[in-house]
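Below is one structure, written out as structure tokens; comments come after it.
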Number of protein chains: 2
Amino acid sequence: MTPGPRELLKDAGLRITAPRIAVLDWLAEHPHATADQVADGVRARLGSVSTQAVYDVLHACARTGLLRRIEPAGHPARYETRTGDNHHHLVCRDCGRTEDVDCVHGAAPCLEPLDTAGFAVDEAEVLFWGLCPDCRPSGTCQWC
Amino acid sequence: MTPGPRELLKDAGLRITAPRIAVLDWLAEHPHATADQVADGVRARLGSVSTQAVYDVLHACARTGLLRRIEPAGHPARYETRTGDNHHHLVCRDCGRTEDVDCVHGAAPCLEPLDTAGFAVDEAEVLFWGLCPDCRPSGTCQWC
DNA sequence: ACGCTCTCTGGAGTTAGTCAAGAAAGCGAA
DNA sequence: TTCGCTTTCTTGACTAACTCCAGAGAGCGT
């Protein structure tokens with residue numbers, strides 16, 4: 001049994017509040033949502049929540065590892081509850097739709113650069129760019 | 001001998017204008033610069049260039065393959081003249097400093113997702129996140 | 001040298017998010 | 001179960017990094 005939002009928040013040392021529970025609940029059902037979408041979803045459930053509160057919750061949860069933040073270039077940030085494993089993402093260049101892809105190489109960090117130039121590397125992020133099925137057949141397709 | 005900006009622009013079917021030459025010249029000397037930095041550099045050379053012109057040049061050149069655009073999450077986009085090969089990047093979480101890394105696996109596309117979920121994938125982007133030598137020794141370091 | 005078309009200028013507008021101050025609410029201790 | 005400290009939420013102003021638009025200006029093929 002996976003732990004509910006209350007346990008997750010408690011274990012992370014965060015206070016249990018209605019906005020936080022609603023954000024985690026909603027994101028569990030709607031992975032890869034933007035902050036805007038999360039705000040809408042949470043408001044539908046709680047009535048009224050400030051934008052700032054949503055951003056605070058998302059940041060607090062991302063910081064403590066309850067949520068993972070994905071920021072595809074040119075698109076607003078997206079959040080997901082699937083953390084801990086080192087999976088990667090497919091992103092549609094057109095609509096920003098994002099899907100999970102399992103790690104190509106097994107365990108994290110999955111890839112190591114040849115020369116780190118003195119950087120302390122802690123994560124290898126892999127994004128696969130393309131067009132999703134919905135955007136692909138349109139006339140704007142530049143790959144066919 | 002590598003071709004100069006004029007030849008590159010001509011071959012790409014773009015008009016040869018002072019802002020374009022200046023942008024390409026300046027970027028060749030300062031890889032991984034932001035649009036802001038490019039604008040400053042170009043203005044230092046030409047006197048006065050509109051922000052819009054800089055963005056237009058960067059977009060036109062990125063579209064025709066003269067420049068590559070890198071957009072690390074949470075940092076402004078950066079541009080580089082090294083295109084054609086499938087190299088990747090090291091990005092500092094703190095200051096956004098970006099460095100080249102040669103492809104971990106040889107030839108492009110270098111990686112293939114196991115399941116593309118119907119996406120037409122055309123690029124695998126790899127970003128190595130960490131802290132650069134300048135940001136690393138500071139007290140805010142969370143990895144040591 | 002002409003004129004079509006692409007490019008640049010200047011200014012307003014947008015998106016996605018941050019900052020700050022005070023009110024409200026969680027939660028450990030009494 | 002109440003107190004009071006601290007975190008969290010609300011409201012509203014603010015910012016960075018772009019984008020959009022209309023018109024002026026400048027390449028370049030003929």
Side-chain angles (χ1 to χ4, degrees), chain A residues 5-24 32-43 45-64 66-67 69-79 91 94-96 98, chain B residues 5-24 32-43 45-64 66-67 69-79 91 94-96 98:
Chain A
R6 288 161 194 280
E7 290 74 53
L8 289 170
L9 288 167
K10 193 164 193 183
D11 291 348
L14 296 171
R15 290 196 178 163
I16 295 160
T17 69
R20 289 181 176 184
I21 293 169
V23 165
L24 290 177
H32 309 128
T34 62
D36 236 33
Q37 293 168 335
V38 173
D40 284 350
V42 166
R43 285 190 191 114
R45 187 168 304 192
L46 297 182
S48 147
V49 183
S50 72
T51 306
Q52 190 56 46
V54 173
Y55 277 104
D56 280 352
V57 173
L58 292 173
H59 286 173
C61 292
R63 187 164 32 77
T64 52
L66 296 187
L67 291 177
R69 176 178 191 160
I70 317 145
E71 295 179 69
H75 297 277
R78 285 159 184 274
Y79 298 84
V91 182
D94 215 26
C95 66
T98 304
Chain B
R6 287 162 193 279
E7 291 74 52
L8 290 170
L9 287 167
K10 194 164 192 182
D11 291 349
L14 296 172
R15 290 194 179 162
I16 295 160
T17 69
R20 290 181 174 184
I21 294 169
V23 164
L24 290 177
H32 309 129
T34 62
D36 236 34
Q37 293 167 335
V38 173
D40 284 351
V42 167
R43 286 189 190 115
R45 188 168 304 192
L46 297 182
S48 146
V49 183
S50 72
T51 306
Q52 190 54 47
V54 173
Y55 277 102
D56 280 353
V57 173
L58 292 173
H59 286 173
C61 292
R63 188 166 31 77
T64 52
L66 296 187
L67 292 178
R69 177 179 191 160
I70 318 145
E71 296 178 68
H75 298 277
R78 287 161 182 272
Y79 297 85
V91 183
D94 214 27
C95 67
T98 304

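Values in this document were obtained by computation on a predicted structure and should not be read as measured data. Throughout, protein chains are lettered first and strands after them, A, B, ... in sequence-line order, and every chain is numbered starting at 1.
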Task: Nearest heavy atoms of A/Cys95 and A/Arg78, plus distance in Å - done: O-NH2, 4.1 Å
Task: Atom pair CG (B/Asp40) and OG1 (B/Thr34), whose distance is rounded to the nearest 0.5 Å - done: 8.0 Å
Open item on the list: With rounding to the nearest 0.5 angstrom, report the CD1 to NZ distance, B/Ile16 to B/Lys10.
Closed with: 6.0 Å
Residues that [X] engages under side-chain contact (heavy atoms from CB on, under 4.5 Å), provided they are two or more places apart:
X       : result
B/Thr17 : B/Arg15, B/Pro19, B/Arg20
B/Ala33 : B/Trp26, B/Leu27, B/Gln37, B/Val38
B/Ala12 : B/Leu14, B/Thr64, B/Leu66
A/Arg69 : A/His59, A/Glu71, A/Ala77, A/Tyr79

Task: Span of DNA chain D in contact with chain A (heavy atoms, under 4.0 Å) - done: D/dT6 to D/dG12
Under 3.5 Å between N/O atoms: give me all the protein pairs with nucleotides 24-30 of chain C, atom names plus distance.
from, atom 1, to, atom 2, distance (Å)
C/dG26, N2, A/Arg15, NH2, 3.2
C/dC27, OP1, A/Ile16, N, 3.0

TODO: Would you please test A/Cys61 and A/Val23 for side-chain contact (heavy atoms from CB on, under 4.5 Å) and show each step?
DONE: CA-CA 10 Å; A/Cys61 292; A/Val23 165; 5.8 Å; no
Open item on the list: Whole angstroms only, please: what is the CZ-C1' distance between A/Arg78 and C/dT15?
Closed with: 14 Å
- [ ] Only counting residues at least two apart or in another chain, list the ones meeting salt bridge (Lys or Arg N to Asp or Glu O under 4.0 Å) with A/Arg63.
- [x] none
Open item on the list: Could you work out how much the helix from C/dA1-D/dT30 to C/dA30-D/dT1 bends, comparing the axis of its first five pairs with that of its last five, to 10°?
Closed with: 40°
TODO: Please work out which residues in residues 51-59 of chain A have a non-hydrogen atom less than 4.0 Å from an atom of DNA chain C and list them by number.
DONE: A/Gln52, A/Tyr55, A/His59
Task: Pairwise 5' ranking along DNA chain D for A/Arg20 and B/His75, keeping only the more 5' one - done: A/Arg20
Open item on the list: Among residues at least two apart in sequence or on other chains, which ones pass side-chain hydrogen bond (donor to acceptor under 3.5 Å, both in side chains) with A/Asp56?
Closed with: A/Gln52
Open item on the list: Test of understanding: with side-chain hydrogen bond (donor to acceptor under 3.5 Å, both in side chains), list the residues that count as partners of B/Thr51, not counting sequence neighbours.
Closed with: B/Arg43
Open item on the list: What I'd like to find out is whether the side chain of A/Leu24 reaches to under 4.5 Å of the side chain of A/Leu67, using heavy atoms alone.
Closed with: yes
- [ ] Using a heavy-atom cut-off of under 4.0 Å over every strand shown, decide if A/Thr34 touches base, sugar-phosphate, or nothing.
- [x] nothing
Open item on the list: Classify A/Ala60 by what it touches in the nucleic acid, base, sugar-phosphate, or nothing, heavy-atom distance under 4.0 Å.
Closed with: nothing
Task: Counterpart residues, ring pair (Phe, Tyr, Trp, His ring centres under 6.0 Å), relative to B/His75 (two or more places apart) - done: none
